[in-house]
Colleague: 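Dropping the structure in here first, questions after.
Heavy-atom basis, side chains included; hydrogens, waters and symmetry copies ignored.
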2 protein chains.
Amino acid sequence: MRKKDSAVLTNAVNSLKDIMQMLTPEQQEELKDNLYIQHFKKNETLYREGEVPEMFHCLISGKVKVYKDGIGGRTQIVRVIKPVEYFGYRAYFANQNYVTSAAAFEASTVCLIPVEILERWMMKNNQLALFFIRQLAIEVARSDQRTVNLTQKHIRGRLAESLIFLRDNYGLEEDGATLSIYLSREDLANMSNMTTSNAIRTLSAFAQEKIIAIDGKKIKIIDGDNLERINKIG
Amino acid sequence: MRKKDSAVLTNAVNSLKDIMQMLTPEQQEELKDNLYIQHFKKNETLYREGEVPEMFHCLISGKVKVYKDGIGGRTQIVRVIKPVEYFGYRAYFANQNYVTSAAAFEASTVCLIPVEILERWMMKNNQLALFFIRQLAIEVARSDQRTVNLTQKHIRGRLAESLIFLRDNYGLEEDGATLSIYLSREDLANMSNMTTSNAIRTLSAFAQEKIIAIDGKKIKIIDGDNLERINKIG
DNA sequence: TCTTTTTTATGCTATTCAACATGTTTTTGT
DNA sequence: ACAAAAACATGTTGAATAGCATAAAAAAGA
């Protein structure tokens with residue numbers, strides 16, 4: 001798990017620059033001494049619901065999902081992480097065990113810091129504390145919005161929203177149309193609160209309507225305006 | 001809006017004691033000088049989606065709902081406040097306008113503090129900052145859990161959950177069975193992600209099954225164990 | 001108090017979506 | 001390269017729930 005050749009360290013520290021610049025020089029040194037790098041393979045689990053949260057996570061490269069296992073084997077993806085974003089620390093500050101699990105969509109590299117250290121810094125560094133207040137405050141709004149979207153939108157609208165989100169979050173390939181993330185239909189379903197069957201069906205429908213083009217896991221957005229329209233109305 | 005006879009002030013300050021005890025004597029004085037009391041009638045709006053958040057709210061008495069207006073006139077209640085709880089400050093720390101609205105279920109009294117002052121205190125008072133980190137971190141988990149409950153549970157399970165929540169949150173009357181809050185069927189539906197028709201129908205079903213007894217807006221829980229069972233499985 | 005409006009109740013219908021079945025294609029592991 | 005497993009595709013069916021209509025009851029206002 002531990003890996004600290006200077007190139008990796010420099011990369012990690014660079015990824016943490018939002019946080020770094022809020023720290024005193026001594027704190028910056030302490031961070032470097034307590035920073036771990038971990039690699040995860042595709043579909044590998046980073047942490048699981050019920051576990052004790054000890055590490056603050058920063059995604060350096062790759063793509064990660066945060067999800068809740070629900071009723072009857074169903075799963076809801078509640079957050080999707082891109083580099084460089086922070087995650088896996090909420091439960092610690094709420095004095096809870098993890099209430100979500102996290103897994104890698106694809107091969108990913110994560111930088112870990114004992115969150116207890118971060119908390120200690122926050123006791124002395126208000127800028128840092130306010131940074132996390134802001135992060136969490138934004139996350140509450142996102143989660144509430146997701147609740148409404150997932151409960152009130154129809155299936156086509158929910159899928160359209162997920163596709164738009166993936167485009168905006170992870171971007172497009174060089175052709176300016178193909179989603180940079182290759183998700184399974186199941187993951188797409190778990191983002192959009194629907195069964196895998198319906199994700200497949202609805203994707204096919206979108207393809208037939210020339211809104212998207214599908215080639216296995218590759219999804220190309222052809223008519224983005226239409227997708228936005230479906231997201232809004234349906 | 002402003003009301004500061006000493007009895008009211010004492011009451012308000014007492015309600016804020018969680019926060020008060022984290023403040024320096026000077027800050028406590030400043031709080032008393034910048035504290036407003038406002039009364040709201042039943043169904044009156046405290047704030048609306050889109051407005052600029054300026055005040056930190058503390059509910060002193062009464063009952064308040066926080067909700068989002070969604071698609072096609074539908075509404076989702078995302079939070080339910082009881083005395084003494086804090087609310088209406090999240091948007092400020094996220095640098096957003098309000099993304100929810102708040103209204104009084106019944107006649108309520110609220111204590112208001114300019115949230116800008118609170119933020120200023122947080123810059124100097126880490127205990128206070130960590131207190132709000134904790135509040136927000138808990139709220140994120142609640143919201144994620146709500147997403148899963150509202151999307152994955154069946155209609156009976158969702159209603160059972162709302163009834164249990166109302167019992168646990170607002171308590172029971174002296175008979176040890178009747179919910180202390182008298183909600184309209186519409187509000188109950190808006191908590192439980194269903195139409196008013198279905199809230200009425202499902203309540204009637206519960207009553208016929210002797211799980212509850214209904215007398216207008218009065219709801220008496222007869223078979224709490226059964227309600228828990230329905231919440232869990234259904 | 002009387003009228004008007006809102007809320008509650010219940011039945012019927014239409015729609016959405018999940019469940020299941022089956023076959024095909026793709027991926028994975030050896 | 002091949003077998004086994006997983007993911008994808010598509011059709012059919014049925015259950016869950018929204019939508020609408022109507023009427024009764026309750027609450028709000030004048």
Colleague: Return the set of residues passing ring pair (Phe, Tyr, Trp, His ring centres under 6.0 Å) with F87(B) (not counting sequence neighbours), or none when no residue passes.
Modeller: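 With neighbours one apart ignored, the set is H57(B).
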Colleague: Within this structure, what is the CG-NZ distance for the pair D144(A) and K68(B), rounded to the nearest 0.5 Å?
Modeller: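 D144(A) CG to K68(B) NZ: 6.0 Å, rounded to 0.5 Å.
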Colleague: When you measure from the side chain of R201(B), which nucleotide among dT8(C), dA19(C), dC12(C) comes out closest?
Modeller: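 Between dT8(C), dA19(C), dC12(C), the one nearest the side chain of R201(B) would be dC12(C).
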Colleague: CZ of R156(A) versus P of dT15(C): gap in Å, rounded?
Modeller: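 Spelled out: CZ on R156(A) to P on dT15(C) is 16 Å.
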Colleague: Start at the 5' end of DNA chain C and walk down; is the nucleotide closest to K217(A) or to I155(A) reached first?
Modeller: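 Result of the comparison: I155(A).
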Colleague: Going by an N to O cut-off under 4.0 Å, is there a salt bridge joining K63(A) and E106(A)?
Modeller: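 Looking at K63(A) and E106(A), the cut-off is met.
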Colleague: In whole Å, what is the span from the CG atom of N190(B) to the P atom of dT8(C)?
Modeller: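 So the two atoms are 12 Å apart, to the nearest Å.
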Colleague: Would you confirm whether R158(B), through its side chain, and K153(B), through its main-chain N or O, come within 3.5 Å as a donor-acceptor pair?
Modeller: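 Yes; at least one donor-acceptor contact below 3.5 Å.
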Colleague: Could you state the CZ-P distance from R185(A) to dT24(C), rounded to the nearest angstrom?
Modeller: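 Atom-to-atom, R185(A) to dT24(C), this comes out as 19 Å.
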Colleague: Below 4.0 angstrom, N of the basic side chain to O of the carboxylate: do E209(A) and R156(A) qualify?
Modeller: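 The answer is yes: the pair qualifies as a salt bridge.
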Colleague: Tell me whether the rings of F56(B) and Y86(B) are parallel (<30°), tilted (30 to 60°) or perpendicular (>60°).
Modeller: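 F56(B) and Y86(B): tilted rings.
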Colleague: Under a 4.5 Å cut-off applied to non-hydrogen side-chain atoms, are K220(B) and D215(B) in contact?
Modeller: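 Side chain of K220(B) against side chain of D215(B), heavy atoms only: no contact under 4.5 Å found.
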Colleague: On DNA chain D, reading 5' to 3', which nucleotide is the first and which the last to sit with an atom under 4.0 Å from a heavy atom of chain A, could you check?
Modeller: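 Contact span on the strand: dA7(D) to dT12(D).
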Colleague: Want to settle it: does N43(B) or S197(B) sit nearer the 5' end of DNA chain C, counting the closest nucleotide to each?
Modeller: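 Whichever sits nearer the 5' end wins; that is N43(B).
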Colleague: Using atom CZ of R158(A) as one end and atom P of dA18(C) as the other, report the distance to the nearest whole Å.
Modeller: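 Distance, rounded to whole Å: 6 Å.
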Colleague: Between dA18(C) atom P and I71(A) atom CD1, what is the distance in whole Å?
Modeller: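 About 14 Å, once rounded to whole Å.
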Colleague: Roughly, in whole Å, what's the span from NZ in K153(A) to P in dC17(C)?
Modeller: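 Those two atoms, NZ and P, are 13 Å apart.
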Colleague: It should be established whether N198(A) places a side-chain nitrogen or oxygen under 4.0 Å from OP1 or OP2 of nucleotide dC17(C).
Modeller: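 No, because none of the side-chain N or O atoms of N198(A) sits under 4.0 Å from OP1 or OP2 of dC17(C).
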Colleague: Figure out the CG/P separation between N193(A) and dT16(C), and round it to whole Å.
Modeller: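 One finds 16 Å between P of dT16(C) and CG of N193(A), rounded.
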Colleague: For dA18(C), take OP1 and OP2 only and decide whether either is under 4.0 Å from a side-chain N or O of T195(A).
Modeller: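 True: T195(A) side-chain N/O within range (under 4.0 Å) of dA18(C) OP1/OP2.
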Colleague: Rounding to an integer number of Å, can you tell me how far H154(A) NE2 sits from dT15(C) P?
Modeller: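 Going from H154(A) (NE2) to dT15(C) (P), I get 12 Å.
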